[in-house]
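Letters A, B, ... are given to chains in the order of the sequence lines, protein chains preceding strands, and every chain is numbered from 1.
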Amino acid sequence: MRYSNSLIPTLKESPAEAEVISHKLMLRAGMIRKLSAGIYSFLPLGLKVIRKIERIVREEMDRAGAEEVLMPAVQPAELWIESGRWDFYGKELLRFKDRHGRDFCLGPTHEEVITDLVRREVRSYRDMPLNLYQIQAKFRDEIRPRFGLMRGREFSMKDAYSFDIDDAALGETYGKMYEAYMRIFKRCGLKFCAVEADTGTIGGSSSHEFMVLADSGEDLVASCGGCGYGANIEKAKSRREVDEAQPAQKLERKEVSTPDVTSVEDVVGFLGNGIADITAKRLVKTLIIKADSVFYAILMQGDDELNEVKLTNFLGANELEMANSEEIEKVTGGAQGFSGPVGLNIDIIADVAVKGMSNFVTGANKKDTHFLNVNLGDFSVRDFVDLRKVRDGDVCPKCESGVLKITRGIEVGHIFKLGRKYSEALKATYLDNSGREQVITMGCYGIGIGRTAAAAIEQNHDDGGIIFPLPIAPYEVLVLALNTKDDAVMQRAYAIYEELKAKGCDVLIDDRKERAGIKFKDADLIGIPIRVVVGAKKLAEGSVEVSLRRDREKTDVAVEDVIAKVMSYIDTRV
RNA sequence: CGGGACGUAGCGCAGUCUGGUAGCGCACCUGCCUUGGGAGCAGGGGGCCGGAGGUUCAAAUCCUCUCGUCCCGACCA
């Protein structure tokens, strides 16, 4: 492609709307333009990157035995009502009516459609395993789209859906997909890790997320340097140090006046001031939670934080929120900030850490009052569960020695064992080898295509712009002709360009009648990995300059060796 | 949905407090000049100041409403 014929509208300054680096650079490099919040057009350069990622995904999915299909973006409400998600999915599901007043939605995902398709076609265990994938636009009406392609409303996604006869067969398919994902992200040139994940609204039994490590990531990942354990913070477990200072002998419960002392820190500070020797570890905080309009008291050690995802999963709740002050007074009989487990008549659920505690401090369900020396016998706990949010430096739950480190990540892929959730709801069944009807066992496997592109840029850039990994770069080589009025330069540049093209190379030639500075700046910005500069001076000596965007080290190469040099870079993937 | 900010030329912004001719830089067009890191000179085009009401002799500027965008939070695969 000739630069002079291509639409690559680079910007010197980043538009005010962009916050994260990948968003800024994609706008500046002329890859994307916003049409509406969370909705983007792809310009030639952006589309080429998307296509490269898609190609890698297709190759690896096909290699893993999956087969591509294409499904409608517009989906009828009936299917969603049948699966139970029409009401459950919430406002993220963009709904509308057609001219006949029938309900439709824009597909945020395609479990319903694919399951409907498969239940009509699959009859026998002989028809499986089956693994179908699609790469297409999906629409989720996000409350807050942000960071460009990172969290758009309309976004391109690869989704695969697998159909197996039982859990064992699903396990095998799941393993293949896991391997395929490892290969895909590796081929995209990303630094990433696979971690255990919560299944969210998609549901299902187990799941892994593929996280690209980047400071701008919206997710937190806990990982162990020792044994390789990794999990999304929503899911992560940890072993906590037992507090040796807990006194063994139970003391008598005492009521103390604590005027206006509500937070954990305040209580510790207030009591520590001559009343009792207390740290946050010796305090049990009581959170009043409303889960699908049922109230629960949640007990946590004072210095721990509640992991709401863990609680939501344990309760099997749809919606979880903190009770407001009115509700707290109604439920506990006391003011907000003074809640405690003693005397409550709602279910009490405690974090496992509380089990090992004695003579602790709690609220007294009475304004300006706390209890000292509360013990587990003073109230009844319905369940002890792991509810705590993992912190940096916690001990690894898998191995003895490791310490968990918390880092930010961008979720580019997510694989789920769905089990029979959708196949049961939509009655997708088959006959097994003894003629009995069985429910199909499903899995689903997503990759955010645009998000992967954004993540790659988050990980590969410098002050000058993008540094594309070769396999997903819009072009592999940029031939930069410096002196456009110099016939020798232009002829040589075109010759190199044509020859590289003939070798199957994806090459862009900057033949614009622009000053050298502009061309170099644009070249840095759009980040094409291999650069060949043809200039009058060097050419007079019979050489051109070859450099890599990544290290910017320039090498003079004899004109006749240029093609070989470039091809060697490509063959070794730089 | 709660909190905050911003809508002025394609992009980045000033002007708004204190009402009185709509500006600057970049980009764009023409010419000269220049050609290894976003040059220089000269000339030029481009705006219903997001929209609608109101106050006023007069509104980008003050008031009310509305739409849009971005950030933080809640939410989310």
Determine: side-chain N/O of [X] to OP1/OP2 of [N], distance under 4.0 Å, yes or no.
X	N	answer
A:Arg515	B:G38	no
A:Ser36	B:U69	yes
A:Lys34	B:C70	yes
A:Arg144	B:C71	yes

Non-hydrogen side-chain atoms of A:Asn131 and A:Met177 separated by less than 4.5 Å |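 A side-chain contact exists here, since the closest heavy-atom pair is under 4.5 Å.
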
Could you state the atom-to-atom distance from [atom1] of [X] to [atom2] of [N] in whole Å?
X	N	atom1	atom2	result
A:Glu321	B:A74	CD	P	14 Å
A:Arg549	B:G37	CZ	P	17 Å
A:Leu27	B:G10	CG	P	17 Å
A:Leu525	B:G38	CG	C1'	11 Å
A:Tyr3	B:G38	OH	C1'	12 Å
A:Lys24	B:C70	NZ	P	14 Å
A:Arg451	B:C76	CZ	C1'	10 Å
A:Glu17	B:C71	CD	P	9 Å

Would the A:Tyr161 and A:Phe416 ring centres measure less than 6.0 Å apart?
->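 Judged by ring-centre distance (under 6.0 Å), A:Tyr161 and A:Phe416 do not meet the cut-off.
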
Base, sugar-phosphate alone, or nothing: which one does [X] contact when heavy atoms must sit under 4.0 Å apart?
X	value
A:Glu411	base
A:Lys519	nothing
A:Glu308	sugar-phosphate
A:Glu545	base
A:Arg28	base
A:Asn232	nothing
A:Ala16	sugar-phosphate

Complementary nucleotide for [N] - Watson-Crick or wobble, under 3.5 Å:
N	value
B:U30	B:A42
B:U35	none
B:C49	none

What residues, two or more places apart in sequence or in another chain, satisfy salt bridge (charged side-chain N to carboxylate O under 4.0 Å, His left out) together with A:Glu17?
->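 Salt bridge (charged side-chain N to carboxylate O under 4.0 Å, His left out) check on A:Glu17 returns A:Lys34.
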
Map A:Ser14 and A:Lys521 onto RNA chain B by nearest heavy atom, then report which one ends up closer to the 5' terminus.
->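 Going by which nucleotide is closer to the 5' end, it is A:Ser14.
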
Given that A:Pro145 and A:Lys91 both sit by RNA chain B, which one's nearest nucleotide is further toward the 5' end?
->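 The residue closer to the strand's 5' end, by nearest nucleotide, is A:Lys91.
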
Using distance alone, with no hydrogens and no angle criterion, decide if [X] and [Y] have a side-chain donor and acceptor under 3.5 Å apart.
X	Y	result
A:Tyr89	A:Arg95	no
A:Thr10	A:Arg28	no
A:Ser543	A:Glu541	no

Closest to the A:Glu92 side chain: B:C75, B:C76, B:G36?
->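 Ranking B:C75, B:C76, B:G36 by closest atom to the A:Glu92 side chain puts B:C76 first.
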
Looking only at side-chain atoms of A:Phe147, point me to the closest of B:U35, B:C71, B:G36.
->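 In terms of side-chain proximity for A:Phe147, the closest of B:U35, B:C71, B:G36 is B:C71.
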
Would you mind checking if A:Asp304 and A:Lys285 are paired as a salt bridge, meaning a charged N to carboxylate O distance below 4.0 Å?
->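 Salt bridge absent between A:Lys285 and A:Asp304.
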
Side chain to side chain contact (heavy atoms under 4.5 Å, CB included), paired with A:Asp219, selected from A:Val212, A:Thr407, A:Asn232 |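 The single option meeting the side chain to side chain contact (heavy atoms under 4.5 Å, CB included) with A:Asp219 is A:Asn232.
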
Using side chain to side chain contact (heavy atoms under 4.5 Å, CB included) as the criterion, point out the one residue from A:Lys191, A:Glu411, A:Arg408 that pairs with A:Met211.
->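 When A:Lys191, A:Glu411, A:Arg408 are each tested with A:Met211, the side chain to side chain contact (heavy atoms under 4.5 Å, CB included) holds only for A:Glu411.
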
Does a distance-only test, which skips hydrogens and angles, find a donor-acceptor pair under 3.5 Å between the side chain of [X] and the base of [N]?
X	N	answer
A:Glu13	B:G25	yes
A:Asp522	B:G38	yes
A:Arg146	B:C71	no

Dump the pairs, protein N or O against N or O of nucleotides 27-31 of chain B, anything under 3.5 Å, distances to one decimal.
none

